[in-house]
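Report on one structure; see the data block that follows.
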Amino acid sequence: MSNDVKRRDFLKVVGVSGAGAGLSGCSTEEVEKLLPYVIPPDDITPGVATWYTTVCGECPAGCGVWARTREGRAVKLEGNPAHPISKGALCQRGHASLQGLYNPDRYPGPMLRDGGGFRHVTWDEAEALLAERIQGAAGNVLLVSGHTGPTLSALFDSFVTGVGGFRVEHEALSEAPLREAARIAFGQDVLPHYALAEARLIVSFGADFVETWLSPVEYGKDFARATAVDSAGSKGRFVAVMPRLSLTGLNADEWLPIQPGAEAAVALAMAGHIVASGRGDAGPYAGLLQDFTPAVAAQLSGVSAEAIEELAEQFVSEGPSVAVGPGVAGQHRNATAANLAVLILNSVAGNVGRTVHLQGGWTGQKARPYAEMQQAIQGMASGGVGVVMVHGANPAYTLPAASGFEDAFGRVPFKVSFASAPDETAALADLILPDLHYLESWGDSNPRSGIHAIQQPVMRPVTMFDGKQTGDVMLSLFARLGRDLGSATFRDHLRAAWGELRSSVAASSGPDGADDAWWRDVLRSGVLPEAGVATGTQDDASVSPPLRSPDSVLAFDLPEIDGDGMDFTLLVYPSSRLYDGRFANRPWLVELPDPVTKLAWHGWVEMHPDAAERLGLRNGDVVTVTSPHGSLEAPVYLYKGIRPEAVAISMGGGHTNMGRFADGHGVNPMVLLPAAVEQPSGAFVQVATGVTVEATGAWKRMATIEGSDDQLGRPIAPAVELATLSAVAGSASAEDVGEAEAEVHHDELQELNLGGGFVPVPTEGRPEDFPLPGSRYGGYEDALSGPRWAMAIDLDKCTGCSACVTACQAENNVPWVGEEMIAMGRNMGWIRLERYYETIDATQAGPLDVRLLPMMCQHCGNAPCEPVCPVFAAYHTPEGINAQVYNRCVGTRYCANNCPYKVRVFNWYTYTDVPAPMNWQYNPDVTVREGGVMEKCTMCVQRVREVQNKAALEGSRPIADGEIVTACQQTCPAEAITFGNIRDPESRVAQLVESERTYRVLDELINTQPGVSYLKKVTFHAVEGES
Amino acid sequence: MATATETRARGAVPHPDVTSYSDVNRDILAILQRPGKGWWALFGLATAGVGLLLFSWGIQLVKGIGVAGISKPVGWGVYITTFVFWVGIAHSGTLVSAILFLFRAPWRQSIYRAAEAMTVFAVMTAGLFPLIHVGRPWLAYWLVPYPNSRYLWPNFRSPLVWDVFAVTTYFTVSATFFYLGAIPDIAAAREAATGLRKKFYQFISLGWRGTDREWHHFGKAYIFLAALATPLVLSVHSVVSWDFAMGITPGWHATIFAPYFVAGAIFSGMAMVITLTIPLRKVFGLQAYLTTKHYDAMAKLILLTSMIVLYAYLTEFFMAWYSGEEIERTSFWDRLFGSYWWATWTMLVCNGIMPIMLWFKRVRRSIPALFVISIFINIGMWFERFVIIVVSQHHEYMPFAWGVYRPSMVEMGILIGSFAWFGFWFLLFCRLLPPVAIAELKEVLPAPMRRKEAIDHG
């Protein structure tokens, strides 16, 4: 019948369509070529890292580093444990050196100006041209340099002397006022070194010693040591006396929110109180102290006289104390006076020689006064300079337009820059001779008297860029100008200089022996300590000189501020990520959320919420900030940690020619400043002007990782009052209480045994209990005999510096995503620093309680993310690590939804196709993830496996506690993070977890049984509702 | 078999004007003959919408899932909302065609074919979204348990794998049920068709000749599949609701979710049936077959399920407060007064307040009023899923991790495109298959008799 469908036809149709439906999946893999070494270099074993010792050159602190290289590429930096400054730690800027090394915008080679742009030339041509011009300049050569190692610095000096001219050192963050104050007070031209670790009470008048002040890694470490509670229940205090809380300030136990410029008044009032009570001697300043009573100081600062007196009392009675400040953020027109006042306070309290050391102080590089640069500018403007050479400085950016630098610079007939990557000054140059990055070059460092360190290249220069070490260029110039210094290369020159150093310095420790062997040993250890010179912990009684009378006129009251009648005083402070702006082309740092505001990529203006309400401003409203000298536009950030009369803008943004990641991001507050010179130090005045703030009507969705800064009473970052700790109070520890509770629950649980085989397991859910009984099958049978990796983080030590974030990023190939993605909430950081305000008041002196919480994957024993992943990409290893199997992840994101801590991050795009040579930085031990895959902290499982493999190869020996170190733990200056096998009762992590301060985030609410335990922050005041 | 008089007396179908089989054939089959301009215009629009869907999806496949607006903490947004929306809508069709069949509800006869078609197409639409929303869709087949050389199975504890089973089962059973039930009607259409169409109907009618034996087997098969499909109405959306209830997110982790979602599914599905059949009825002149009595019955069902849904809303809010748990309370307070307050209030008004009007018989019997209310209900139900999914995720345990989700253009394109995809298939269905079940309608009409005088009944 015609209506029938024949069976055959039916099967044919079904078969064809079925076959057509079976499309093969697209493959996302590209074919890549791997070329093995034909003849491998000597130092390199493929798959095994080679480590080199060197010194970080990113800021003048001079931390020693170990560089990890793989197959000839530097992939990670860590602190050198033997170096007296870093002592094994490293800050985020140090880690981001790698992005300076692999900066895709580095100059490809020497460049000569050609019309509006540049053209390539060879090194020969470039040097010949420069030599010619120098000869033609006939003694009018200006050399501007930033911080430089001593050998190169000496070479610069001899160069300038040889050809005739002068040299100016320019560092935007300069402690010239402190140095001048020390000279005035004690007659010694030094920058004091502070022994924060010895202090029981630290008072900062603005110095951000955790972020950028003098030596942030060292001082961050010392600060944590001093202020973290010890087993005896004792703890140092930290009081912040500043108009705006920097990250350092957020760590304080008490905040005196003083008016900008009132530091001197408060310090003198404190000193006066101490002298009046007969416990100190002010020498020639006694009269001055009588002018600044606590009442006067209260009136000038806006903080009560009682608070000032109480602080003074504590300063002299609470054990060794130290006062530091005001630092660059407080550098106003009376900065020298302010620093002098603080030194007077220290002297009166007897701190000089105990916590303030004049011996073994910092080298002068951190204290170059701006006045010298101003002279140079005048020289250039008047036509007195024939050739100007700039190395390691970017004055066209770091100086305001009012300084006249750009015009003056433009007048010099021949301008040379040694910048290895574009910056605003190099953009104006005629000739660019790109220096190598410090990781590719030779040098040395002498940050403090008594410490000499070697900087050696850790790899051959990145082949994409034809740079040349400036030391080599100088020697070559010398040769062309007819002088021979005896060395063909800077390496030889350095070697010779160190040979001399060796004989002149009787090393207190360090290598001995024949020259070559000695040199190799120096390179290996990295440091040559100088015998007989204190490295800053002990002093002679003789190095506690008495105060001298001032030799210049100083004003100690409120400084002059431009812009009478303008609404706010402008505070311009250095950025802990971008420093003075030099790191603005490093996406790790630009994307690292500012530790205080949690903003990334773009600029902002900080304003107190009360002031903002008066002006009708909300978070993100774009405003115009206008000073008598300029104006800029930025979104407003409501910040509770700043006096309502002030606004603050961070340095470092607003670049115009720094590279693809820097240009167009952020704002440069220098445009608002005059080029004022502080007297008598000659420093650049940062706090110089008032500003008005007006809404533009626009609103910006800010790129922040912060949702809310209020804990809402949830068990996330609790604290405990010092007085209630058992070591102090002598009461029963929390553990006893816990046991009693557990017994009660045990009885209740027995009732639930319905006889059907279901017995709930009573457990406290401690990390070492993983895996629980009943779950030990399918590969977990032997889990209890193996390690359980766990972490303990001491919140009393964590300063919130965020070095761990960048270290993790470097170690684990964590991508950066850009401003737009951050604004959408797509931050990729595996670890984030959460910041919750508990007590903060910008209008009066009082306790300060800000909780800083490093939050990463908690490696929960009862992880909510694991049961919900449909493909087992979220999987718990028998050793207790919550593993993420990247290859298996399909990207449903259920695991991230179910994670209460929100520590899982998703690759919304394939972020890892980065411009060459940034991919050279990738750690070969860690997968590089593609788009559509979830990732998160793995407790550096690659490091765990590396050590386990090593131990297995070395005869299956046991692994010692502390042998496996996660990246975040390794870099933390405060030593807040501890990692180890919590099943080993001798391990540090197991011992820490027994503390009464231990808790786990949210665990009591949702029973996730995290493997990461935290130790509560300890406060000096009663904590609401928590224990 | 009830006589035609009894069935009519129970207030069922059809209109008294419909008296004979030939009336039915004429009216229903006539639909299949007339592709008017209106249909073409709508179909063109639907095709354009499908184009938008494919284009948006294409952008997403090429550039990466990042073109959607989802991020941390809101990892599931418009896509999952729309997935649950479409799966929910599907349930009503099966309720009408299977469950009401087993209960012998008389008023289902005119609407169940369109409702069942809606089910199949809604499941097809919903089935797109798991592929759209995963990060690596080319590997989505790993959720399916197939033997492989790596001895890897999916994680059967994961609700997403349960979803795979539930939705696949539902699609398979619904499609089979739909197809099987339509075979006699396709045969009827085959008789009236010519040319290519006839060949098409010949193929898909599987050679149905209408013999007694075939009818016998048909009846058995139909009951069997109805019984098989019945538990699915309750189980499938329960499983989908457990995607959320098995999570620990405050606002998701609640035991009421299974009945809540099932009731919501029936609720939104019936509303969608009304939204679809009212224009169908108007355009194709089916007033005699889809009478106000049918809509009255549907409206009563909507009213019932709206009460259950409203109860569920109130329960959720009450339990959040009663629990004393600060996190739960904050989450629900945020629903009402936080960043997404407008979504929550839309949901409450559309789903809780508007259906109150259905208490009134006048409203229940007013076709325009029902049309408007049904559209509001669908909007409200989409927003209910949005509120549950997005608003719960955006304010969870860690305040520092709170965030706001803004859907992107690509997501809206795919959302609109999904409606167009559904419309595309439904419009094709209207054109190719009888939208009203001819065979069952004929069951309640007087049988054709040889002698004319037997036709006239009281």
Subject >> Neighbour count >12 (heavy atoms, 6.0 Å) for atom CH2, A:W699 >> reply: yes

Original post:
Do A:F872 and B:W153 have their ring centres less than 6.0 Å from each other?
Top reply: no

Original post:
Looking at B:D163, B:T249, B:T330, B:V67, which makes the most heavy-atom pairs under 4.5 Å with chain A?
Top reply: B:V67

Original post:
What are the two closest heavy atoms between A:K902 and B:K72, and how far apart are they?
Top reply: O-NZ, 3.4 Å

Original post:
Under a 4.5 Å heavy-atom cut-off, does chain A meet the side chain of B:I80, its backbone, both or neither?
Top reply: neither

Original post:
Should we say atom OH of B:Y322 is surrounded by more than 12 heavy atoms from elsewhere, each under 6.0 Å from it?
Top reply: no

**OP:** Counting only heavy atoms closer than 4.5 Å, note whether A:M934 contacts chain B via side chain, backbone, both or neither.
**Re:** neither

Original post:
Between the side chain of A:S708 and the main-chain N/O of B:F400, is any donor-acceptor distance below 3.5 Å?
Top reply: no

**OP:** Considering non-hydrogen atoms only, spot the tightest contact between A:M824 and B:A68 and give its length.
**Re:** CE-O, 3.9 Å

Original post:
Non-hydrogen atoms of chain A under 4.5 Å away: do they reach the side chain of B:V164, the backbone, both or neither?
Top reply: neither

Original post:
Which heavy-atom pair separates B:P73 from A:N897 by the least distance, and what is that distance?
Top reply: O-OD1, 4.1 Å

Original post:
Any ion pair linking B:R157 and A:E866 (charged N to carboxylate O, less than 4.0 Å)?
Top reply: no

Subject >> 4.5 Å side-chain heavy-atom contact, A:C899 and B:I248 >> reply: no

Original post:
Between B:H395, B:M246, B:R406, which has the largest tally of heavy atom pairs under 4.5 Å with chain A?
Top reply: B:R406

Original post:
With distance as the sole test, does A:R826 use its side chain to make a donor-acceptor pair with the main-chain N or O of B:I70 at under 3.5 Å?
Top reply: yes

Original post:
So with a 6.0 Å cut-off around CG of B:D212, is the heavy-atom count from everything else above 12?
Top reply: no

Original post:
Quick one: are B:N155 and A:P870 in side-chain contact, heavy atoms under 4.5 Å?
Top reply: no

Subject >> Leading residue by heavy atom contact count with chain B [cutoff under 4.5 Å; candidates A:F906, A:Y901, A:Y894, A:Y836] >> reply: A:Y894

Subject >> Taking every non-hydrogen atom, the tightest pair across A:L1002 and B:Y397 >> reply: CD1-CB, 3.5 Å

Original post:
Which heavy atom of B:M398 sits nearest a heavy atom of A:L853, and at what distance?
Top reply: CE-CD2, 4.4 Å

Original post:
Does any N or O in the side chain of B:R136 come within less than 3.5 Å of the main-chain N or O of A:V890, such that one atom is a donor and the other an acceptor?
Top reply: no

**OP:** Name the member of B:L152, B:V74, B:I65 that forms the most heavy-atom pairs with chain A at distances under 4.5 Å.
**Re:** B:I65

Subject >> Atom group of A:R832 that falls short of 4.5 Å from chain B, counting heavy atoms >> reply: side chain

Subject >> Heavy-atom pair count under 4.5 Å with chain B, highest-scoring of A:V903, A:D709, A:N907, A:V871 >> reply: A:V871

Original post:
Given that the side chain runs from C-beta out, which part of A:L1005 has a heavy atom under 4.5 Å from chain B: side chain, backbone, both or neither?
Top reply: side chain

Original post:
What distance separates A:C889 SG from B:L139 CG, expressed to the nearest 0.5 Å?
Top reply: 9.5 Å

**OP:** Identify which part of B:Y79 has an atom lying under 4.5 Å from any heavy atom of chain A, answering side chain, backbone, both or neither.
**Re:** neither

Original post:
How many angstroms lie between atom CH2 of B:W76 and atom CZ of A:R893, to the nearest 0.5 angstrom?
Top reply: 8.5 Å

Subject >> For B:I327 against A:R714, the heavy-atom pair lying closest together >> reply: CG1-NE, 3.5 Å

Subject >> Heavy-atom pair count under 4.5 Å with chain B, highest-scoring of A:G707, A:A896, A:P864, A:G931 >> reply: A:G707

Original post:
Taking the side chain as C-beta and beyond, is there a heavy-atom pair between B:E326 and A:L712 under 4.5 Å?
Top reply: yes

**OP:** Measure distances from A:N887 to the heavy atoms of chain B and classify the residue's part below 4.5 Å as side chain, backbone, both or neither.
**Re:** backbone

